[in-house]
Amino acid sequence: MIAAASRGAASVQEKQMGNPLILVVGSTGTVGSELVKQLIEAGQNVRALARDPGKAVKTAAGTDVAIGDLSRPETLREAFVGVEKAFVLAPPVPDMEQLEANAFAAAEQAGVRHIVYLSNFGAGRFDDALFRAHGANEWRLRSLGMEWTILRPTRFMSNTPFGWASVRENGRLVEPLGGRKTILIDPRDIAAVAVKALTEPGHEGKIYELTGEALSGAEMAERLSEALARPIEFVDASEDVTRSDLLRSGLPSMIVDKVLYYFETLRADRWYETPTVRQLLDRSPGTYAEWLKENTGSTTR
Ligand SMILES: NC(=O)c1ccc[n+]([C@@H]2O[C@H](COP(=O)([O-])OP(=O)(O)OC[C@H]3O[C@@H](n4cnc5c(N)ncnc54)[C@H](OP(=O)(O)O)[C@@H]3O)[C@@H](O)[C@H]2O)c1
């Protein structure tokens with residue numbers, strides 16, 4: 001039993017050793033933590049970048065961990081040594097563009113061959129700082145001379161609903177959809193696409209717009225009702241009502257503005273579904289019902 005287990009461990013290690021070293025930036029976050037997990041499961045040679053050693057140990061156990069902060073470029077140099085491929089993201093903070101640019105610069109300096117960049121649906125097209133910053137960094141990456149793949153996902157299921165106050169207190173899902181559907185994606189599918197882009201040939205120079213399931217407000221409320229085992233009613237609210245609901249849910253006002261801008265683009269019919277996830281993964285994208293079933297503990301709060 002022990003011998004078989006250690007033979008298994010040795011062969012996983014051998015497999016890892018023969019593979020190029022992949023650095024995952026954002027390894028403690030929604031997509032990054034899932035990506036680390038899936039890369040390890042696929043026997044890849046992974047290094048997880050984290051700024052908090054305690055968090056890194058929890059999400060990337062058994063992996064090479066590099067401590068570095070995207071806002072302090074001098075801390076990134078060592079993390080990129082020996083790296084052949086990197087997955088890069090930063091959170092949607094005001095200096096996101098600079099944080100990502102710092103990662104690109106460190107990668108370029110270290111001679112990284114291929115970057116997979118987590119951008120956003122609407123990058124460079126929608127008129128808000130977040131989408132402009134993603135657009136600018138897509139071009140920055142494309143001008144570096146290394147291989148690149150750009151992922152542009154829609155709204156994460158982990159971000160749905162944006163505000164929990166009314167769901168929790170009154171059984172009401174408040175979103176200003178104007179009768180439109182919202183197009184969601186399971187973050188695990190984004191990670192699965194990133195695994196492909198990082199480990200298989202043929203994804204260089206590609207921009208992938210990633211979508212999962214399109215749901216009306218009533219359908220989202222129905223899925224939530226089932227997952228929470230209590231009635232949830234959808235309210236197609238005004239922007240003002242949604243704003244106070246999101247603020248009551250504890251979202252900072254800068255994020256509330258971004259969420260309201262998201263709904264504005266949605267009501268202007270600027271989002272659409274693509275077959276990309278299905279084509280790349282050769283299976284149906286994850287559904288919101290499945291995602292809720294597996295994550296209800298962390299979403300009910
Ligand atoms: N949410 C959506 O619906 C959605 C939709 C489309 C695209 N996106 C894009 O997805 C990206 C965010 O991905 P995510 O939701 O997976 O991220 P996330 O969960 O917010 O996690 C952010 C990650 O970045 C790390 N990080 C933050 N600041 C750092 C710094 N200064 N140095 C090093 N690491 C740092 C965090 O580490 P700590 O754990 O230490 O904080 C964490 O690992 C954004 O660019 C956003 O525009 C999001």
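We count ligands from 1, going down the list as the structure has it; atoms in each ligand are counted the same way.
Between Trp271 and Tyr262, the ring planes are perpendicular. Angles over 60° get that label, and only those under 30° would be called parallel. By the 30° and 60° cut-offs, the orientation of the rings of Phe131 relative to Phe126 is perpendicular.
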Show the distances, to 0.1 Å, for all pairs joining an N/O atom of ligand 1 and a protein N/O atom that are shorter than 3.5 Å, listing one pair per line.
unit_1, atom_1, unit_2, atom_2, d
ligand 1, 1 (N), Asn159, ND2, 2.8
ligand 1, 3 (O), Phe156, N, 2.9
ligand 1, 3 (O), Asn159, ND2, 3.1
ligand 1, 16 (O), Thr30, N, 3.4
ligand 1, 16 (O), Val31, N, 2.9
ligand 1, 19 (O), Thr30, N, 2.9
ligand 1, 19 (O), Thr30, OG1, 3.0
ligand 1, 28 (N), Arg51, NH1, 3.4
ligand 1, 31 (N), Asp69, OD1, 2.8
ligand 1, 32 (N), Asp69, OD1, 3.4
ligand 1, 32 (N), Leu70, N, 2.8
ligand 1, 37 (O), Thr28, OG1, 3.1
ligand 1, 39 (O), Thr28, OG1, 2.4
ligand 1, 39 (O), Lys55, NZ, 2.6
ligand 1, 40 (O), Arg51, NE, 2.9
ligand 1, 41 (O), Arg51, NH2, 2.8
ligand 1, 43 (O), Gly26, O, 3.3
ligand 1, 43 (O), Thr28, N, 3.2
ligand 1, 43 (O), Thr28, OG1, 2.6
ligand 1, 43 (O), Gly29, N, 3.0
ligand 1, 45 (O), Ala90, O, 2.9
ligand 1, 45 (O), His134, NE2, 3.2
ligand 1, 47 (O), Asn120, ND2, 3.3
ligand 1, 47 (O), His134, NE2, 2.8

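In terms of the salt bridge (Lys or Arg N to Asp or Glu O under 4.0 Å) criterion, residue partners of Asp127 (sequence neighbours excluded) are, by chain and number, Arg132. Under the rule for a salt bridge (Lys or Arg N to Asp or Glu O under 4.0 Å), Arg142 has no partner lying at least two apart in sequence or in another chain. Listed by chain and residue number, nothing satisfies the side-chain hydrogen bond (donor to acceptor under 3.5 Å, both in side chains) test with Glu78 (two or more places apart in sequence, or in another chain).
Here the options are Phe87, Trp148, Phe104, Trp139, the test is ring-ring contact (aromatic ring centres under 6.0 Å, His included), and the partner is Tyr117; only Phe104 passes.
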